[in-house]
There are 2 protein chains.
Amino acid sequence: MEGSPHYRPLYRQVYDFLVKQISESVWRPSEPLPSEQALAEQLKVSQGTVRKAMDALVAERLIDRRQGKGTYVAEQTQERALFRFFRLAEPGGARKTPTSTEESVKRRAARSAEIQKLGLSKGDQVVEILRTRLVDERAVVFERNILPLRNFPDIDRKRPLPNALYAMFQQDYGVNIVSAEEELRADAATAEDARYLPVEIGAPLLQIERVAIALDGSRVEWRLSRCDTSQLIYAVTLS
Amino acid sequence: MEGSPHYRPLYRQVYDFLVKQISESVWRPSEPLPSEQALAEQLKVSQGTVRKAMDALVAERLIDRRQGKGTYVAEQTQERALFRFFRLAEPGGARKTPTSTEESVKRRAARSAEIQKLGLSKGDQVVEILRTRLVDERAVVFERNILPLRNFPDIDRKRPLPNALYAMFQQDYGVNIVSAEEELRADAATAEDARYLPVEIGAPLLQIERVAIALDGSRVEWRLSRCDTSQLIYAVTLS
DNA sequence: GAGTGGTCTAGACCACGCA
DNA sequence: GCGTGGTCTAGACCACTCT
């Protein structure tokens, strides 16, 4: 009793171990984990305990279980990464695949808003990406991404950038995005918006502000999207 | 093996049984279920199987487990129902509690858009509720609700309507809302919007269209909210 | 101390994928 | 037919709440 103020179930410890292996790339995306039995023996716990730990990882979409085959580290394919967080769709729900046109990629010192949103320190550098995203060959989103350079050391030298950045985050930098906090509001189109999107100044746009959260809880992307929702809608399911 | 094309695990059958008890109000909101052991004996399965079935119910927020005490049918208090689905908050995430002013409640025949959205039949009746919702004494949302009369027989005679309709749905009609599909877009304020909200015609508003889904999968509410997001934002966490 | 949910085990058996 | 994940059991013990 005394000496252990915080009770920590066995399966939690197994969970932490598994997360560690994945985040340190001991097991890499699309590779199989050892079987549940093998892990149970290695960690000296029962198969049920390993299973319970894995249940949480499945829920967080960090691993995939395939009955009869094995358990694999989930891979963020372009397709999967896109549809997980890109919410623009046709009214009714049919998902649309966007393409993206890169406008600019710049490295610079972080500004105070960015320092605050991303939990950086003064003097830290960031990479700013401006893109226009098209659906059905129509420009519908003008997007500004801010990435801490420390998490993505040479990202400003990679061209072209893929459509789904998060797949690249995982592949090239070992950064797994597990969730994103979004704040939406309606706003009038500015002159800058009108330069990138076929809208009139003053037209209503949907602004999406996103902070993406990595596996270790750190905030690794700040994104501001200005969306023309005259043809598309932003779809969410609350539960 | 033949004769059973669809494999149906035991815990699924237990799950179905529990859902049935709750949806038929055999166990009512805030009341305790029988203990896991008691249910296991009654249903002739092991405690672990009952537990696994209940895990799903916890995830769907239909029951609450309290260690040392028991398992209870989740109760949609005003507070809980509100914060579960009402997403307007201050920038940064601090939740705001809205109040509501009732503008009108009318019973009428369903229109074709409503028939389609709610899966009704021609000639079915609906109740239409118009409300203005205030945050910090400021009108920020103008809202139109469409409810099938068949699900809520005398709802047009209840006054005043509570702030959180879903708590009343559960309490008075046994209807549990488990999820909601929302479609958001930016739109310019119309003359009607300007009558209810302190905004200029043409100002950008956030429109939220929601279909609420009940425990049995049926769509029981269609809601259109027009929101002034000059002070507040719509907050979601994607995961 | 009695009763409830929560964890953990060891072992059996089922469903599935593949060679 | 073997190996993997998926289900199910019976029983032990732990943590928590209330009396």
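Chain identifiers are assigned alphabetically (A, B, ...) following the order of the sequence lines, protein sequences preceding nucleic acid strands; residue numbering begins at 1 within each chain.
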K.L.:
Taking side-chain hydrogen bond (donor to acceptor under 3.5 Å, both in side chains) as the test, write out the residues that go with Arg185(B), two or more places apart.
P.N.:
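Counting only residues at least two positions away or on another chain, Arg185(B) forms no side-chain hydrogen bond (donor to acceptor under 3.5 Å, both in side chains).
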K.L.:
Less than 4.0 angstrom between a side-chain N/O of Lys69(B) and OP1 or OP2 of dC18(D), yes or no?
P.N.:
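Yes.
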K.L.:
For Glu183(A) versus Pro91(B), what's the shortest heavy-atom pair and its separation?
P.N.:
OE1-CA, 3.8 Å
K.L.:
If I take atom CG from residue Asp124(B) and atom CG from residue Leu118(B), how far apart are they, to the nearest 0.5 angstrom?
P.N.:
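Taking CG in Asp124(B) and CG in Leu118(B), the distance rounds to 10.0 Å.
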K.L.:
Whole-Å distance between dA12(C) C1' and Gln37(A) CD?
P.N.:
12 Å
K.L.:
Looking only at side-chain N and O atoms, does Glu143(A) offer a donor or acceptor that is under 3.5 Å from a partner on Ser225(A)?
P.N.:
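There is such a pair (donor and acceptor under 3.5 Å, judged by atom type) between the side chains of Ser225(A) and Glu143(A).
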K.L.:
Which whole-number value in Å describes the distance from Asp55(B) CG to dT7(D) P?
P.N.:
12 Å
K.L.:
Hey, which sits more toward the 5' end of DNA chain D by its nearest nucleotide, Gly68(B) or Leu33(A)?
P.N.:
Leu33(A)
K.L.:
Could you tell me how far apart Ile63(B) (CD1) and dT4(C) (P) are, to the nearest whole angstrom?
P.N.:
15 Å
K.L.:
Output the rounded distance in Å from CG (Leu57(B)) to C1' (dG5(C)).
P.N.:
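Checked: the CG to C1' distance equals 15 Å.
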K.L.:
Does this structure show an ion pair linking Asp16(A) with Lys20(A), if we count only N-O contacts that are shorter than 4.0 Å?
P.N.:
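No salt bridge links Asp16(A) with Lys20(A).
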K.L.:
For the pair made of CD in Glu36(A) and C1' in dA12(C), what is the distance, rounded to whole Å?
P.N.:
16 Å
K.L.:
Taking only side-chain N and O atoms of Arg65(A), does any of them lie within less than 4.0 angstrom of OP1 or OP2 on dG6(D)?
P.N.:
yes
K.L.:
For the CZ atom of Arg138(A) and the NZ atom of Lys96(A), what is their distance to the nearest 0.5 Å?
P.N.:
12.0 Å
K.L.:
Given atom OH of Tyr72(B) and atom P of dG3(C), what is their separation to the nearest angstrom?
P.N.:
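These atoms are roughly 15 Å apart.
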K.L.:
To the nearest Å, how far apart are Gln67(B) CD and dC18(D) P?
P.N.:
12 Å
K.L.:
Sort and list the pairs that fulfil ring-ring contact (aromatic ring centres under 6.0 Å, His included) and have at least one residue in residues 163-185 of chain B, not counting sequence neighbours.
P.N.:
Phe85(B)-Tyr166(B), Phe152(B)-Phe169(B), Phe152(B)-Tyr173(B), Tyr166(B)-Phe169(B)
K.L.:
Within the structure shown, what part of the strands sits under 4.0 Å from Arg51(A) by heavy-atom distance: base, sugar-phosphate, or nothing?
P.N.:
base
K.L.:
To the nearest Å, give me how far apart CG (Leu39(B)) and C1' (dG3(C)) are.
P.N.:
15 Å
K.L.:
Below 3.5 Å is the cut-off: list the nitrogen or oxygen pairs between protein and nucleotides 8-11 of chain D, distance only.
P.N.:
from   : atom 1 : to       : atom 2 : distance (Å)
dC8(D) : OP1    : Leu10(B) : N      : 2.2
dC8(D) : OP2    : Leu10(B) : N      : 3.3
dC8(D) : OP2    : Tyr11(B) : N      : 3.0
dT9(D) : OP2    : Ser46(B) : N      : 2.8
dT9(D) : OP2    : Ser46(B) : OG     : 2.9
dT9(D) : OP2    : Thr49(B) : OG1    : 2.4

